[in-house]
Amino acid sequence: MTSYQAITHLSKHAHVIHSDQEALDIAARLAEQFKNGAIARDAQRILPFEQIEAYSQSGLWAISVPKQYGGAEVSSLTLAKVIALMSGVDGSIGQIPQNHFYALEVLRNTGSEKQKKKLYQEVLQGARFGNALAEFKPKNASIKQTLIQAEGEGFVVSGEKFYCTGSLFAHRIPTLVKDAEQREFLAFIPRQSAGLEIIDDWSGFGQRTTGSGTVKFNHVYVAAEDVIPFDVAFSTPTLVGPIAQIMHAAIEVGIARAAFEETLIRVKQARPWIDAHVDSASQDPLTIYEIGRIAVDVHASEVLLKQAAQSIDAAYPAPNANNVAKASLDVAKVRAHSSDTALKAASKLIELAGSRGSQRDDGLDRFWRNARVHTLHDAARWKYYFIGQFALNGTRPPRRGTL
């Protein structure tokens, strides 16, 4: 278990992306680079500091910044495609910026103009935001014990968080806190703040290098200008929840697509053996059947992802109860479907690769392990429940970060 107290200095020379196509082109080039060493990073749990630095310096971590503040303000579909592409190469790298973009969406909805200008500018310069949202010790996930109290011209934060994905790589750690009146805020705490401790104790069998460990706050000071309201992001119709969830869906869609493409490679490599043992006219119909099933599932998840992104973008100019509910439900559909698809595609890869699929040096198990751990983030069965409630009873889903 290692405690981290330092991070690379924030560069002021990050590239600024100006269009959706530029974002996709840069993501494609970076993904090719990140393929190198992906198996070793997973097997040996080598944290991808170099890759994350390149990722943020490329400008891709700023693509959701609104145009009026100097960003590209890309579509939700472009954001999802970037995350899916990275997740197919390395599931951990794909997930690390998810809460960064989530924090930026909360900022867009609840931050003041002064706060937006300051924090968006940092992101355009290459700043990375981690997260400290979940808590491990309370009996219920909805219970938060990390407190914020006024002190001097700012505040102090005390508490402990777990599953803090990306915090090892972050310049700021957006932290969910409550005050004495039980109001919730998001505090963008600089990671070098006195009293802040980041512990690398994440030991999941998948998504091994996301840096999802513990963050402790021992009377940590935070300036008033770095604290924004959080609870109001859900008291009115906003896209905070759908945007958070479509990124999770994109992670699983990316893993599913990559696992399927790897399956095709492995089956084709095995063809000489197949041709020697199976009637050439049939060409192993059972294998072809399984590949066909996964091909349909992967394509279906990708179509659902596109539809969900289009629903978010349609609601973006003027969110209201109806279009936000539609976006939430469409995202829930892809999130539920992609969870199943990623697990099936990753499992079939190992099955159809045969005995080679059990070799650790090939790293084929990482797709399933990453999918299995990520799909535990929030249960797909609740997605189906809210989808069913609306279909049967016309009941809109609740507004929250898991929808």
Side-chain angles (χ1 to χ4, degrees), residues 52 55-56 60-66 71 73-80 82-84 86-87 92-111 115-116 119-120 122-123 127-135 141 144 146 161-177 184-189 191 207 210-212 215 226-234 237-252 254 305 308-309 312-313 315-316 319 324 327-328 331-332 334-335 374 377-378 399-403:
I52 295 302
Y55 196 177
S56 58
L60 286 170
W61 285 47
I63 56 176
S64 70
V65 172
E73 196 173 1
V74 301
S75 69
S76 298
L77 181 58
T78 293
L79 177 59
V82 169
I83 290 178
M86 295 299 177
S87 299
S92 293
I93 289 177
Q95 185 172 354
I96 288 168
Q98 188 269 335
N99 281 293
H100 167 93
F101 288 113
Y102 177 67
L104 291 181
E105 182 62 16
V106 176
L107 174 65
R108 186 177 74 84
N109 282 273
T110 73
Q115 290 171 322
K116 291 177 185 178
L119 293 172
Y120 284 146
E122 288 186 13
V123 171
R128 299 183 293 268
F129 298 159
N131 95 93
L133 304 177
E135 298 190 17
K144 300 295 184 291
T146 301
K161 299 284 187 174
F162 196 56
Y163 299 134
C164 300
T165 301
S167 291
L168 291 178
F169 314 97
H171 298 96
R172 285 184 184 269
I173 302 176
T175 304
L176 180 58
V177 295
E184 293 183 330
F185 299 86
L186 199 62
F188 288 74
I189 299 176
R191 67 93 37 78
Q207 302 293 72
T210 57
S212 303
V215 177
D226 292 336
V227 179
I228 68 174
F230 181 80
D231 45 13
V232 296
F234 299 101
T238 72
L239 293 166
V240 172
I243 287 177
Q245 285 298 306
I246 199 170
M247 289 186 284
H248 283 301
I251 292 166
E252 293 167 359
L305 185 69
I312 291 174
D313 291 334
Y316 189 85
V324 167
S328 292
V331 172
V334 62
R335 183 77 167 84
H374 184 265
H377 189 274
D378 44 271
R399 293 191 292 264
R400 62 192 193 198
T402 54
L403 282 169

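We count residues from 1, following the sequence as given. Quick caveat, the model's predicted, so the values are computed rather than measured.
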Before giving the answer on side chain to side chain contact (heavy atoms under 4.5 Å, CB included), spell out for Leu403 and Val331 the whole-Å C-alpha distance, their side-chain angles and the decisive distance to 0.1 Å. CA-CA 7 Å; Leu403 282 169; Val331 172; over 6 Å; no
To the nearest 0.5 Å, what is the distance between OH on Tyr316 and OG on Ser76? 8.0 Å
Would you find a donor on one side and an acceptor on the other, under 3.5 Å apart, between the side chain of Thr238 and the backbone of Ala233? yes
Which one of His171, His100, Arg191 satisfies the side-chain contact (heavy atoms from CB on, under 4.5 Å) criterion with Phe129? His100
Under the side-chain hydrogen bond (donor to acceptor under 3.5 Å, both in side chains) rule, collect the residues that match up with Ser64, sequence neighbours excluded. none
Just how far is it from atom CD1 of Ile246 to atom CG of Leu305, taken to the nearest 0.5 Å? 5.0 Å
Set of residues satisfying ring pair (Phe, Tyr, Trp, His ring centres under 6.0 Å) with respect to Phe234, sequence neighbours excluded: Phe230
With salt bridge (charged side-chain N to carboxylate O under 4.0 Å, His left out) as the rule and sequence neighbours excluded, what pairs involving residues 237-246 come up? none
Identify the residue among Leu186, Val123, Val65, Ile228 that makes a side-chain contact (heavy atoms from CB on, under 4.5 Å) with Leu107. Ile228
Run Ile63 and Leu79 through side chain to side chain contact (heavy atoms under 4.5 Å, CB included) and show every step you take. CA-CA 8 Å; Ile63 56 176; Leu79 177 59; 4.0 Å; yes
Out of curiosity, Tyr55 OH to Arg128 CZ, how far, rounded to the nearest 0.5 Å? 12.0 Å
Which residues satisfy the side chain to side chain contact (heavy atoms under 4.5 Å, CB included) test with Asn99, sequence neighbours excluded? Tyr102, Asn131, Leu133, Thr165
Suppose we screen for ring pair (Phe, Tyr, Trp, His ring centres under 6.0 Å). Which residues come up paired with Tyr120, at least two apart in sequence or across chains? Tyr69
Tell me every residue that passes side-chain hydrogen bond (donor to acceptor under 3.5 Å, both in side chains) with Ser328, counting only those two or more places apart in sequence or in another chain. none
Could you tell me which residues satisfy ring pair (Phe, Tyr, Trp, His ring centres under 6.0 Å) with Phe162, sequence neighbours excluded, listed by chain and number? Phe136
Minimal heavy-atom distance between Pro242 and Ile312, with the atoms involved, is O-CD1, 3.7 Å
Among all residues two or more places apart in sequence or in another chain, which pass the side-chain hydrogen bond (donor to acceptor under 3.5 Å, both in side chains) test with Glu105? Arg108, Asn109
Taking all non-hydrogen atoms of both residues, which atom of Arg172 and which atom of Phe188 are closest, and how far apart? NH1-O, 2.7 Å
Heavy-atom closest pair, residues Ala244 and Gly401: CB-O, 3.9 Å
Rounded to the nearest 0.5 Å, how far apart are CZ of Phe185 and CG of Asp226? 14.0 Å
Are any side-chain N or O atoms of Gln95 and backbone N or O atoms of Ile251, one a donor and one an acceptor, separated by less than 3.5 Å? no
All heavy atoms of Ile96 vs all of Gly166, minimum pair found to be CG2-CA, 4.0 Å
Minimum heavy-atom distance Leu168-Gly211, with the two atoms named: CD1-CA, 3.6 Å
List in chain and number order the residues that pass salt bridge (Lys or Arg N to Asp or Glu O under 4.0 Å) with Asp313, two or more places apart in sequence or in another chain; answer none if no residue qualifies. none
Take Thr110 and Gln115 through the side chain to side chain contact (heavy atoms under 4.5 Å, CB included) test and state the conclusion after the steps. CA-CA 10 Å; Thr110 73; Gln115 290 171 322; over 6 Å; no
Quick check: closest heavy atoms across Pro237 and Pro319, and the distance to 0.1 Å? O-CB, 3.6 Å
In Å, rounded to the nearest 0.5 Å, how long is the span from CE of Met86 to CG of Leu60? 5.5 Å
Which residues pass the side chain to side chain contact (heavy atoms under 4.5 Å, CB included) test with Ala84, sequence neighbours left out? Ala250
Qualifying residues under side-chain hydrogen bond (donor to acceptor under 3.5 Å, both in side chains), relative to His374, sequence neighbours excluded: His248, Glu252
According to side chain to side chain contact (heavy atoms under 4.5 Å, CB included), who are the partners of Ala132, at least two apart in sequence or on a separate chain? Lys161, Cys164, Ile173, Thr175, Phe217
